[in-house]
Amino acid sequence: MVELRFRDDAAVDEPGTTLDGFLDQSNATAVRIEAGEDVRRLLPFLDRLRLVEIAFPTYRDGRGYSAARILREAGYTGELRAAGDVLVDQLWFMRRTGFDSFAPEKALDPAAVERALNRYASVYQRAADGRPPVWKLRHG
Amino acid sequence: MYRYDQYDQAIVDARVDEFRDQVARRLSGEFTEDQFKPLRLKNGLYLQLHAYMLRVAIPYGTLDGRQMRMLAHIARKYDRDYGHFTTRQNIQYNWIKLEEAGDILADLASVEMHAIQTSGNCIRNISSDQFAGAAADEVGDPRPWAELLRQWSTFHPEFSYLPRKFKIAVVGSDTDRAAIQLHDIGLQLVEQGGELGFKVFVGGGMGRTPIIGACIKDFLPARHFLSYQEAILRVYNRYGRRDNIYKARIKILVTELGAEEFARQVEAEWREILPLGIDAPVAEIERIEGFFAPPPFETGLADDVDLSDPDFAVWVKQNVHAHKVPGYAIATISLKPVGGIPGDASSAQIERIADLAERYSFDEIRVTHAQNLVLPHVRKADLYALWQGLRDADLANANLDLASDIIACPGLDYCSLANARSIPVAQALAERLAPIERDPGELKIKISGCINACGHHHAGHIGILGVDRKGEENYQLLLGGSGAEDASLAKIIGPGFTQDGVVEAVDKVLGRYRELRTDGERFLDTYRRVGVDPFKAAVYG
Ligand code: HEM
Ligand code: SF4
C-alpha cells in the first residue's frame, strides 16, 4: 500500500514486473527491483518507465539508496517508490536519494514522519534531491 | 582548530533534539529495546555488560582546552569520574544512564562535539596523525581533508546503511602514525609535480580476518577528493556482502574481486559521478584550511633544553619529538602508568591537561591511536615546566613506545563480546617489563579480549589475543605485526597460555631477543631477520 507520495501526477496502478520480466517485455511501464539487482540495466528504457519500485527486505539493507540515486543521476523522472521495511528513521535519507513514494510494510505515524522530514535544515552533501550542500550555501 | 559555523552547529543541535525525543520514547515504553537499538547506536550509545557506554567522537583526534574540560565535566557529572581514550581517537564513558544520555549530547554540542556515527554500519569518526601540523616530515596538514570528510560523511544519505562499519584515516607524511593500511580507506597526502593529491589504500582491517590495505590509486588529485570516496563507497554499498556479517567489511570485497578489478570498478563509477558536482569547491577547502593555519610561533627561540634533572631527561628522550619549527617540540603524554588501565584518565587529569595545553601548546591537544595524548606545539624552553605540571598529576610516565605503553581493549571487564580480560594482562605485563623496558627500546604490545581485535593485536610487535578455551580465559601469543608504514600482520606462534603463562612467555621472547639482536636492533627487526623459530623454542622449549 502506498502510504506517502510526494508527486502530483496520477499514481501508476500497474504492479511492477520483475527486472527480467521488464527487460523481456517491450510495453511495461512499471518495474520492481529487488535488493542487489543492477538498476543500470534499466537505463536504456528510462523514458518509457513511469514507476520503479525498489525493495527494502530489511531497513539494514542499504543497496536501494544507491539504486535510487543511480536512476536519478541518469535522468529518471518517474515515480521512485521504496517498498518493504521502510521505517520513519530512513525516510529522510530516502527522500534525499530520490525516492518520492513510500509503501512501508508497517504504517507510519504521520506526526513522526513530519518531524523526521523537517528535522535538518541543511545538508552536507549533494544528493538526488536538489538540496544545496552546506558548502554551496557558504560560498554561493 | 576547526570552528563550527551556524550550519555545523544547527546540524549537531538538531541531532541532540532528535536523540532526546528517541530516548523519551524509549523511557516511556513507546519503543522496545529492539526498536531503540539501531537509533541509539547511531549516537554511539552501546549497552554493555554493566551499563550503557557512550562513545564520543574526537574528529581526527584534535581538540582544545575548552573541549577537554567538557570531557572532564561529563566524566565527573555523568560517569565515575574517568573516561577511556580509544584506539580510534574517541573517548568512551562506561557508566552512562540512559536518562542522562540526551543531556550529555547537549553538553557536548555546546563545545562543538558530538557522538554522531561513532557506531553502526556507517562511516565512522575520521582518524588522523596525532602530529599533524607539527611533524617535521609532513607534505601538508591532513586535518582539513579529514574535516571535509567529517562533513561529507555526516548523515550521508546513500551510505548510512552500509554492509558494515567503515573507517577512514588520513595522514600527511611517509611515516604512518595512524595505521592507514589497516583502515577501510587509508589516505596519504602526497605531492606530484607541485600538485597535492592522495595515495589511496583500500580494504585494510583487523577483526577476525586481518588484511593489509591495497593501494588502488597512486595519485588522486586533491580537487577530486570527495567524488572518488563517493565512488569507492558506492561500489562497496552495492556489492559488499550482506549475507554474512563476518564477510561484510570492504576488505572481503576487495579480496574476492582482487584489488585490480576493484580499482577498475571504482574508476568506472567515478567517471559516472565526476560530472555531478560532488566535490567541494576550492573556496571551501581554503575556508577549512584557514582554521588549521599554524599558530603564531615565535621565531629565534633557542633549541637547547636543560637536561640536568635526570627524570626529566628520561622523559624528554622518550616522550618528546622533533617539531617542524625551531625552538618547539611535540610532547606526548602517556596514559599508561604502570599498573593502570591503558587509555583511562580521571576528570582531574583531563582538566590538568587542558590547563597545560592552554598554557604551553597554543590550546591544542591530540589523541593518538595508541591511547595517549599529545601537546603538539610546546616551546622547548617550557618543556621542564610542562613536565613538572604533568608529574604532579601522575602524567609524566616516560614510557612512550616502550614495553609498558600497551594498547589494550576494554575486554571482559566491560565488553559484552569479550572472551577474556585484557586490562589485567596489560597491568601484569607492564609491571613485569617496566624495570627492563629501556633496554629493548621500541616495543609495541597490543592486547584484545576477543577476535574482534579492538586492541590491534594483529598489529603488535607482540600481540596477545584473549580466547575462550572450555570456559577458561586463554591467551594466544602473536609476533611480528606492525601498524606503521612497514605494516605487517602478527602471527600466532603456538598453543595459548593462562594469564600468568602469557606474561612468562613474553618475558622469554624478550630474553631470546636480547641474545639474538645486533646493535640497536628493535625487537621487530630481529624477528623479521631471524624468523619465529628461535622464539618458539624459547617459549615452548
Ligand atoms: C566495549 C565495546 C566495544 C564493542 C562492543 C566493540 C565491537 C567491535 C567489533 C564487533 C569489532 C569487529 C568489527 C569487524 O570485524 O567487522 C570491533 C573492531 C574494532 N574496534 Fe571495537 N568494540 C568495542 C570497544 C572498542 C574500543 C574501546 C576500541 C578502542 C580502544 C575499539 C576499536 C576497534 C578497532 C580499532 C577495531 C578494528 C577495526 C577493524 O576491524 O578494522 N573498540 N569492535
Ligand atoms: S576486542 Fe573484543 S573484547 Fe575487546 S573491546 Fe573489542 S569486542 Fe570487546
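Just so you know, these numbers use all the heavy atoms, side chains as well, and skip hydrogens, waters and symmetry mates. The chains referred to below are lettered A, B, ... by the order of the sequence lines, with proteins before strands, and numbering in each begins at 1.
Counting heavy-atom pairs under 4.5 Å between each of D17(B), L276(B), D8(B), L39(B) and chain A puts D8(B) at the top. Contact count against chain A (heavy-atom pairs under 4.5 Å) is highest for R15(B) among E272(B), R15(B), Q35(B), Q22(B).
Taking the six-membered ring where the residue is Trp, F31(B) and F36(B) present parallel rings, their angle staying beneath 30° rather than reaching 60°. Relative ring orientation between Y236(B) and F166(B) is described as tilted, the plane-to-plane angle lying within the 30° to 60° band. Ring geometry for W152(B) versus H156(B): interplanar angle over 60°, hence perpendicular rather than tilted (30 to 60°).
In this structure, the portion of R115(A) lying under 4.5 Å from any heavy atom of chain B is its side chain and not its backbone. Interface remark: A121(A) contributes no atoms to any contact with chain B (heavy atom separation under 4.5 Å). Residue contact with chain B, scored on non-hydrogen atoms closer than 4.5 Å, is absent for L87(A). Neither the backbone nor the side chain of Q6(B) has a heavy atom closer than 4.5 Å to any heavy atom of chain A. The contact between A283(B) and chain A is made by backbone and side chain atoms together, counting heavy-atom distances below 4.5 Å. With a 4.5 angstrom heavy-atom cutoff, R63(A) touches chain B via backbone and side-chain atoms both. Both the backbone and the side chain of D61(A) have a heavy atom closer than 4.5 Å to some heavy atom of chain B.
From L162(B), atom CG reaches atom CZ of R238(B) across 14.0 Å, with rounding to the nearest 0.5 Å.
Remark: of the listed residues F225(B), Y60(B), Y228(B), Y2(B), F225(B) is the sole one forming a ring pair (Phe, Tyr, Trp, His ring centres under 6.0 Å) with W145(B). Exactly one of F56(A), F6(A), Y76(A) qualifies for a ring pair (Phe, Tyr, Trp, His ring centres under 6.0 Å) with F99(A). That residue is F56(A).
For the residue pair R242(B) / N121(B), no side-chain donor-acceptor distance below 3.5 Å is found, with atom types taken as modelled.
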